[in-house]
Amino acid sequence: MIDVLVIGGDSMIGKALCQELVINALTVAATSRRKDLGSSDVFLDLAKPAKDWPILPKAKVWVIVAAIARLAECQKSPEISHLINVAAVKTLVELAEIQDARVIFLSSDQVYDGRQAHRSAKDKPCPHSVYGKQKANAEERVLSLSEDNLVIRLTKVLSPSDALFTSWRDALLRGETITPFTDKTFAPVSVQTVVTGICFAISKKVAGILQFSGPDDITYASAAQRYASLLGVTLNNVAPVSAVTLGMPIEERPAFTSLDTKRVTKTLGIEFPPLITLLEKMYV
């Protein structure tokens, strides 16, 4: 029996998590939808009926990372996204229960409506988006099936290769103009903090709900201006625009995304640095 099975190991978080688990001397297997599998990977397409799934490796902990996470895609194709984000998750949790494995399920700040900052994990989910409703539905199943299971809610997760920030950097350094949103906020957390926290949660056998979030909500426009200052380029090339005028629906531009992280800090000893620190470490 291996230590951890990562469902969705070829995702950004999944890849980083597999690497971190190995660093922590844990045995790991991962599922992937890619045909060019690694030696420890298992091909698994969650959109297919469960009867067509392969037999999954026995593991002490299953971490469910795989999801259709684009809000617009979930809104456009609710039935297809439901297969991945809800139905498949329920089946996975049931299979893990048969194996007597603990489940860690990665969820989202989208289980809330974005009207309040620093939402408590004790607050009842109140999602606006289709994606948020699907995540809330899956959370309920994960937590109801075993008191040993864990839900980890995440705000925006930034990696060193984040497409938006790297495109901003390249454009600003070329002297080009970028157009960040004045009315879309985020409370980002680094992928390294996320995978470190998951490893700690595994070793400490934490159950229930944990929330990983940057300490404050900030608009993308403010983030871009701070980033331009860090790069030493002119702020004149940061030309903020309104997401409303571009037709972005309200569920994609909540006023707040931040979550309360007191339990994570107390239980795992993890602190969440502000955006400026993330920018300095990853993109400068």
Side-chain angles (χ1 to χ4, degrees), residues 7-8 11-14 46-47 64-93 104-144 150-159 162-165 180-189 191 194 209-214 216-221 223 241-261 275:
I7 308 295
S11 64
M12 182 266 287
I13 295 176
L46 295 179
I64 303 177
V65 182
I68 294 178
R70 293 184 180 277
L71 271 66
E73 186 174 354
C74 293
Q75 182 70 34
K76 181 179 179 181
S77 305
E79 293 182 357
I80 294 175
S81 57
H82 183 274
L83 285 177
I84 307 296
N85 293 342
V86 181
V89 171
K90 291 180 178 180
T91 301
L92 286 167
V93 176
I104 296 177
F105 174 65
L106 301 193
S107 189
S108 166
D109 63 87
Q110 280 285 317
V111 300
Y112 295 118
D113 57 15
R115 295 180 180 178
Q116 298 178 32
H118 306 113
R119 293 299 294 251
S120 169
K122 296 179 181 179
D123 292 347
K124 184 178 179 180
C126 50
H128 265 178
S129 66
V130 171
Y131 173 65
K133 292 174 182 176
Q134 292 172 348
K135 281 294 188 180
N137 191 334
E139 280 188 10
E140 184 178 6
R141 182 57 176 167
V142 171
L143 295 173
S144 65
L150 172 65
V151 165
I152 299 180
R153 293 175 182 152
L154 305 173
T155 56
K156 171 69 175 178
V157 179
L158 292 182
S159 74
D162 183 82
L164 178 61
F165 278 92
F181 295 128
T182 58
D183 48 357
K184 180 175 172 61
T185 66
F186 66 148
V189 58
V191 66
V194 169
I209 300 174
L210 293 176
Q211 299 190 144
F212 292 12
S213 167
D216 298 296
D217 295 280
I218 184 171
T219 67
Y220 279 80
V241 298
S242 169
V244 174
T245 60
L246 297 180
M248 182 179 290
I250 189 170
E251 62 266 20
E252 294 189 32
R253 46 180 176 82
F256 303 100
T257 68
S258 59
L259 302 170
D260 177 76
T261 59
L275 173 66

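- A side chain to side chain contact (heavy atoms under 4.5 Å, CB included) with V194 is found for exactly one of I152, V157, T155, namely V157.
- Using modelled atom types and a 3.5 Å distance limit, the side chains of S242 and D183 yield a donor-acceptor pair.
- K184 NZ: more than 12 foreign heavy atoms inside a 6.0 Å radius.
- Minimum interatomic distance between V111 and A136 (heavy atoms only, all atoms of both residues): CG1-N, 3.8 Å.
- Note that OG of S77 and CD1 of I84 are 11.5 Å apart. Values are rounded to the nearest 0.5 Å.
- In this structure, L150 CG and S107 OG are separated by 11.0 Å, a value rounded to the nearest 0.5 Å.
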task = Please step through side-chain contact (heavy atoms from CB on, under 4.5 Å) for the pair V89 and N137, ending with a clear verdict.
result = CA-CA 10 Å; V89 171; N137 191 334; over 6 Å; no
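- Closest approach of S11 and G8 over heavy atoms only: OG-O, 2.9 Å.
- Nearest heavy-atom pair, L158 versus P188, reported as atom, atom and distance to 0.1 Å: CD1-CB, 3.7 Å.
- The line from CD1 of I209 to CG of L143 is 5.0 Å long, rounded to the nearest 0.5 Å.
- Rounding to the nearest 0.5 Å places OG of S258 at 10.0 Å from CD of Q116.
- Contact of the H118 side chain with the T261 side chain is not registered, since no non-hydrogen atoms from C-beta on lie closer than 4.5 Å.
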query = Yes or no on salt bridge (Lys or Arg N to Asp or Glu O under 4.0 Å) for R119 and D113, after CA distance, side-chain angles and deciding distance?
reply = CA-CA 10 Å; R119 293 299 294 251; D113 57 15; 3.4 Å; yes
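- Residues R70 and K76 form no side-chain contact, since every pair of their non-hydrogen atoms from C-beta on lies 4.5 Å or further apart.
- For the pair K156/D162, a side-chain contact is recorded, criterion being any heavy-atom separation below 4.5 Å from C-beta on.
- The backbone N or O of S108 sits nowhere less than 3.5 Å from a side-chain atom of Y131 that would complete a donor-acceptor pair.
- Distance alone, capped at 3.5 Å, is enough to place a donor-acceptor pair between the Q211 side chain and the D260 backbone.
- Annotation for V189 and S213: closest pair CB-C, 4.4 Å, computed over non-hydrogen atoms.
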Hey, can you pull the donor-acceptor pairs under 3.5 Å for the side chains in residues 248-257, sequence neighbours left out?
{"residue": "R253", "atom": "NE", "partner": "M248", "partner atom": "O", "Å": "2.9"}
{"residue": "T257", "atom": "OG1", "partner": "A187", "partner atom": "N", "Å": "3.2"}
{"residue": "T257", "atom": "OG1", "partner": "D217", "partner atom": "OD1", "Å": "3.4"}

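- Here the side chains of P127 and K133 are in contact, with some heavy-atom distance below 4.5 Å.
- We find the CG-CD1 distance between N85 and I64 to be 11.0 Å, quoted to the nearest 0.5 Å.
- Atoms NZ and OG, from K90 and S144 in turn, are 8.5 Å apart once rounded to the nearest 0.5 Å.
- Counting only heavy atoms from C-beta outward, the side chains of Y220 and T185 never approach each other to under 4.5 Å.
- Partner R153 forms a side chain to side chain contact (heavy atoms under 4.5 Å, CB included) with one of F212, F105, Y112 and no other, that one being Y112.
- By the 4.5 Å heavy-atom criterion applied to side chains, C74 and Q134 are counted as neighbours.
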